[in-house]
Amino acid sequence: MKYILILFMLFSTLLTAAEKQVAKEENKVQKALQEAIEQEKKFAKEQKFYQSHEYDLKSHEVDSSSLGNITVPEPIDFDMDKAYQ
């Protein structure tokens, strides 16, 4: 009878530990979900900053007239066979 009682106590302890592990995982999922919801709320609030028409990219364009002075370097004919002889 003792062994059955000890076995029952051990089994119930294992079940309780497994249940706590599942509860911890569910809490992690809930926390991650809540953080994602908060990020979505922030994005919805600041959405105008993420639209492409809000940015002024004209100041970063390259003037095509300044490209005429650039010299194109000659390609180097590098043969790997010569490097390992």
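Interatomic distance, CD of Q30 versus CD1 of I37, reported as 8.0 Å (0.5 Å rounding).
With sequence neighbours excluded, the residues satisfying side-chain hydrogen bond (donor to acceptor under 3.5 Å, both in side chains) with S65 are D63. Taking E40 as the reference, nothing meets the salt bridge (charged side-chain N to carboxylate O under 4.0 Å, His left out) condition, with sequence neighbours excluded.
Of the candidates Q34, K42, E35, E38 forms a side-chain contact (heavy atoms from CB on, under 4.5 Å) with just one, namely Q34.
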